[in-house]
Amino acid sequence: MNRKVTKAIFPVAGLGTRFLPATKSIPKEIMTLVDRPLIQYAIDEARAAGIEEFIFVTSRGKGALEDYFDHAHELESSLKKSGKTELLDILRGTNMDSGAIAYVRQHKALGLGHAVWCARRLLGDEPVAVILTDDVIMGEPPCLQQMIEAYKETGGTMVATMEVPAEKTKAYGVLDVAEDMGAIVRAKGMVEKPKENPPSNLAVIGRYILAPTVMDNLNKLKQGAGGEIQLTDAIADEIEEGRDVFGLRFRGQRFDCGSKAGFLQATVAFGLARDELKHEFAEYLSDITAMYKAAE
Ligand code: G1P
């Protein structure tokens, strides 16, 4: 079985209603942490992991996202003329090769499994990565690279996973663990957003490496949790059919940028990680925290 992963799917069709009114006119994936849109973090992570083809599953109103990947020739030449090489490098870092990006439309919001299925004709008989841009992960090496390295050994299908408090499991796909090998666990089941009795507290985080057979499972799927076609169910079917599914406890910090609190936390963490900002920003944070505490 081919274990080279060169394609990644980015499901970006969601409406982002949790961030209204901001998302009234901009896709949520364009919202920025410090100075980079969420989608750029996802692309950088994919590139670091060796991904060469980027498949975006989009929907109406996502034009700004498609434009973001166009080369900004006028801007580039004006930066070049004025000798702003640092900015030019930043800008060029966002450029994508012609033909490296494909867009497919998800015509109906039928769930994550359906979004991934929409990309099926662009995939061959090879594994594919999926990155959910809401889950921003600060890690070295980046999370998907850690997974691809582990996957070279394991094959099968792999999800990123982390421990969450028991009361939070209902917001996630949750692994039923057959064998815990430390960083890697083998799953004997997977449940999407269990309302009660979660099989473990190992939550699925938005990074996947899918065996081609997961696409066949998606072909057959009906609605699952929340009335949506769930990727979790298609992965659970792999286990039913006797194929391997693993979870990787990645090293790194994950931010839920699909929630306002998570987005703010990520802004703080990524701000503090920047050399040019960290001193001023840390000082401000400690001052404001002291003020906030004194006022309580
Ligand atoms: C999706 C998946 C879920 C996973 C989560 C990670 O849910 O369906 O299995 O645990 O992403 O962020 P969503 O958060 O889109 O509802």
Side-chain angles (χ1 to χ4, degrees), residues 8-19 23 27-29 31 33 38-39 41-42 45 56-59 106 108-119 128-139 143-144 147 157-177 185 187 189-195 198-210 214 217-218 221-239 245-250 252-263 265-266:
I9 300 173
F10 302 81
V12 289
L15 293 174
T17 48
R18 273 194 271 179
F19 283 93
T23 46
K28 66 173 173 174
E29 297 78 14
M31 291 183 18
L33 291 175
L38 288 183
I39 193 68
Y41 288 88
E45 185 178 330
F56 294 90
V57 183
T58 69
S59 61
Q106 185 187 24
K108 283 184 184 170
L110 295 177
L112 178 59
H114 179 260
V116 168
W117 178 79
C118 288
V128 64
V130 177
I131 295 190
L132 306 187
T133 52
D134 276 356
D135 282 330
V136 176
I137 301 175
M138 203 182 233
C143 182
L144 188 63
M147 289 173 72
T157 284
M158 181 172 280
V159 300
T161 185
M162 72 179 208
E163 255 97 21
V164 298
E167 70 277 10
K168 297 262 168 81
T169 49
K170 55 179 179 299
Y172 296 94
V174 180
L175 295 179
D176 193 354
V177 178
V185 299
M190 241 173 107
V191 191
E192 180 68 11
K193 306 201 171 94
K195 290 203 174 83
S200 75
N201 64 345
L202 270 183
V204 175
I205 300 303
R207 303 287 183 279
Y208 306 80
I209 299 172
L210 305 176
V214 174
N217 302 345
L218 282 170
L221 271 193
K222 308 225 162 53
Q223 291 172 346
E228 296 190 338
I229 295 174
Q230 298 292 352
L231 183 56
T232 298
D233 295 343
I235 298 174
D237 283 355
E238 287 292 282
I239 304 169
V245 173
F246 300 97
L248 177 75
R249 291 189 175 96
F250 57 94
Q253 200 181 351
R254 173 259 186 175
F255 298 93
D256 175 10
C257 288
S259 81
K260 286 173 203 169
F263 200 95
Q265 287 157 15

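Start at 1 and go down the list; that is how both ligands and their atoms are numbered.
At a heavy-atom cutoff of 4.0 Å, ligand 1 is contacted by the side chain of Leu132 but not by its backbone. Under 4.0 angstrom from ligand 1, there are no non-hydrogen atoms of Met162.
Listed by number with element, the atoms of ligand 1 under 4.0 Å from a non-hydrogen atom of Asp135 are 6 (C), 12 (O). Of all atoms in ligand 1, numbered sequentially from 1 with element shown, those under 4.0 Å from a heavy atom of Arg254 are 12 (O). Close approach of ligand 1 to Val204 (heavy-atom distance below 4.0 Å) involves ligand atoms 4 (C), 5 (C), 6 (C), 10 (O). In the vicinity of Gly173, heavy-atom distances shorter than 4.0 Å reach the ligand 1 atoms 3 (C), 4 (C), 9 (O), 10 (O). Close approach of ligand 1 to Thr232 (heavy-atom distance below 4.0 Å) involves ligand atoms 9 (O).
Counting only heavy atoms of the protein, atom 7 (O) of ligand 1 lies nearest to Lys193 NZ, 3.3 Å.
Residues forming a side chain to side chain contact (heavy atoms under 4.5 Å, CB included) with Ala234 (at least two apart in sequence, or on another chain): Val214, Asn217, Leu218, Leu221.
Distance screen at 4.0 Å: atom 15 (O) of ligand 1 has no protein heavy-atom neighbour inside the cut-off.
Residues Leu132 and Tyr208 are in side-chain contact: their nearest non-hydrogen atoms beyond the backbone lie under 4.5 Å apart. With contacts defined as side-chain heavy-atom distances shorter than 4.5 Å, the pair Val185/Leu202 qualifies.
Sorted by first and then second residue, the side chain to side chain donor-acceptor pair (under 3.5 Å) pairs involving residues 162-176 (not counting sequence neighbours) are Glu163-Arg249, Tyr172-Arg254.
For atom 2 (C) of ligand 1, the nearest non-hydrogen atom from the set Gln230, Glu192, Met190, Arg207 comes from Glu192.
Of the polar atoms of Gly206, none of the N or O atoms is found under 3.5 Å from an N or O of ligand 1, judged by distance alone.
For the residue pair Gly262 and Cys257, the shortest heavy atom distance occurs at O-SG, 4.3 Å. Annotation for Asp135 and Gly206: closest pair OD2-N, 2.7 Å, computed over non-hydrogen atoms. The minimum heavy-atom distance between Leu175 and Ser200, with the atom names listed, is O-OG, 2.5 Å.
Residue Glu228 places every heavy atom at 4.0 Å or more from ligand 1.
Judged by distance alone, the side chains of His114 and Glu228 never bring a donor and an acceptor atom under 3.5 Å apart.
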